[in-house]
Amino acid sequence: MLSTMQDRPLTINSLFEHSRRVYSDSQVATFTGDTCRRASYRDVGDRAARLASALQRLGIKEGDRVGTFLWNSQEHLECYFAIPCMSAVLHTLNLRLFPEQLTYIINHAEDRVIIVDDSLAPLLARVAGDLKTVERYIVVGGGGAAVLGDVLRYEDLIAAEDGGFDWPQIDERSAAAMCYTSGTTGNPKGVVYSHRSTFLHSLAACAAFTFGFTEHDKILPIVPMFHANAWGIPYAGWMAGSDFIMPGRFLQAEPLCRLIEAERPTFTGAVPTIWNDLLRLTDTRPTDMSSLRMVICGGSAVPRSLMERFQERFGVRIIQAWGMTETSPLAAVAHPPRAAKPEDEFDWRAKTGRIRPGVALRIVDGEDVLPWDGKSIGEIEVSGPWITGAYYGDDTPEKFHGGWLRTGDVGTVDEKGFIQITDRAKDVIKSGGEWISTVELENAIMAHPDVVEAAVIGVPDDRWDERPLACVVLKEGSAATADDLRAFLSERVAKWWTPERWSFIKEVPKTSVGKFDKKVLRAQREKNELKIVEAGSKAIG
Ligand code: ADP
């Protein structure tokens, strides 16, 4: 029996129109380094309509890809609405990719136009000669951009239009935006979000059990708008009518602290690296963060010690989330359950996250589906209306399993839906036939007060096949030794997990989205570029 409900499509157009009308006075601020320039939702809506007219005049049609090479800014938000709502496809480009990868993804997506910040024109110019489909560059800002040849200016285009745009009716299943994974192995792979997937993901992000956005929030998205749509925060925040504080290119700890004090956001999100930097700076520069009701953190495992220090120093809660570009990205959020005792709060928050409604999850080992018992370890597979079912123009059947996306993450799930990721499949260490969780080991090492960062990789071992090598960044001036750290670990992890091999490094190499790049560490070790100290007994067992 069919329902009697109407079938109005779930589109970005509908959330865009709704909020520009009912929250027309909400604000979008963009940091310029000293102060913020500000626009209302009304202004942003009007300018998005003008941008759509200008793109149409340039020949952009339904389904055409328009790239953005931008920081988090008001203009980027305008692109987030103008491009999908005119039925074209927003392709957010990661500013930190290697030139070969950038060239690959622009050519692969066949972007026709790229909207670029003037400060980034030189970076884009490095690949411009290899781009096969790009016809025009539109430059945001008044700075020089001659390196890109004969460019169009964003503000000129907007000023030349009369305002208003006849937004088309859009099928909710059509493409709205695309984002490539950062390609830790092989070429980056494209994920294409639909209007429907974006609308549903935004509702889930706004829910009280996720971010709980309302009109009273002031949102500071530090996670870049090219990294899985800034975790869906721009669309969700707009849906709720929240104010935005866009950090622009000022992503270092010092300007971020100034921005937080001046604008007093209630909500922010970024990868652990950023919060670690902020903690380090605020050792010597006290900062008032009391305005923040929630800090969302994810993209890689969030060390418990980071959450504890943040809470101690600022009285601010970091909440961990899990997801990937392929999952739009929100799939799990680690809000403690109702029954949690106050003293267990951090045990819950240190878990990877609790699965969100709309996302089906299972743990598999080969063809066996494992129980939700908090113990059985296997690969996590997910399925749902905002989970990708394929990669764009890339046939990769090995990434899917009977309609489920294979996440490449290994872990457990308990009966209440709390996930604990122990590793990425490619990072796992098997020592003497038993798994060592690099995530847990790194967490334990980073709990040491002198440790800034720690990444653990597997190295070949004659006796145990593989053993962990701990690559550690110590606080400046610290004299901690491998033996000190081993002693510290003795109460925190199983004895046979404790690494004998240690390397003290200046910085853990990071990927284009700020995660530990273990591929680089593995290569450095293979080339004998890491100075390794051996400590403790080799008779582990
Ligand atoms: P890429 O796959 O290119 O690194 P993504 O941002 O899509 O880019 O990364 C998704 C991956 O990040 C997940 O599959 C997982 O391995 C890791 N990840 C994200 N959040 C967490 C978390 N809270 N804990 C552990 N790992 C995480």
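Remember, it's a predicted structure, so these values are computed and weren't measured experimentally. Both ligands and their constituent atoms are indexed starting at 1 by order of listing.
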Mind checking whether [X] has a heavy atom under 4.0 Å from ligand 1?
X      : answer
Gly323 : yes
Asp409 : yes
Gly408 : no

Atoms of ligand 1 close to [X] [distance to a heavy atom under 4.0 angstrom, numbered from 1]:
X      : value
Lys515 : 4 (O), 5 (P), 6 (O), 8 (O), 9 (O), 10 (C), 11 (C), 12 (O)
Ser300 : 18 (N), 19 (C), 20 (N), 21 (C), 22 (C), 23 (N), 24 (N), 25 (C), 26 (N), 27 (C)
Gln320 : 22 (C), 23 (N), 24 (N)
His227 : 6 (O)
Thr352 : 22 (C), 23 (N), 24 (N)

Arg293 with Asp217: basic N within carboxylate O range, under 4.0 Å: yes
Under-4.0 Å salt bridge between Arg349 and Glu308: no
Counting only heavy atoms, which portion of [X] has something under 4.0 Å from ligand 1: side chain, backbone, both, or neither?
X      : value
Ala228 : neither
Met324 : both
Thr325 : both

Met225 backbone acceptor or donor facing Asn72 side chain under 3.5 Å: yes
Polar side-chain atom of Arg249 near backbone of Trp71 as donor-acceptor pair, under 3.5 Å: no
Phe314 and Leu292, any side-chain heavy atoms less than 4.5 Å apart: no
From Ala301, Gly298, Ala321, Cys179 - option closest to atom 23 (N) of ligand 1 by heavy atom: Ala321
From Lys426, Gln420, Arg424 - option closest to atom 11 (C) of ligand 1 by heavy atom: Arg424
Nearest-0.5 Å distance, CG of residue Asn229 to OH of residue Tyr235: 6.0 Å
Phe488 six-ring face occupied by Arg492 cation (under 6.0 Å, within 45°): yes
Heavy-atom closest contact (Ala444 atom, Leu489 atom, distance): CB-CD2, 3.7 Å
Closest approach of Val316 to Met289 (non-hydrogen atoms, all atoms of both residues): CG2-O, 3.3 Å
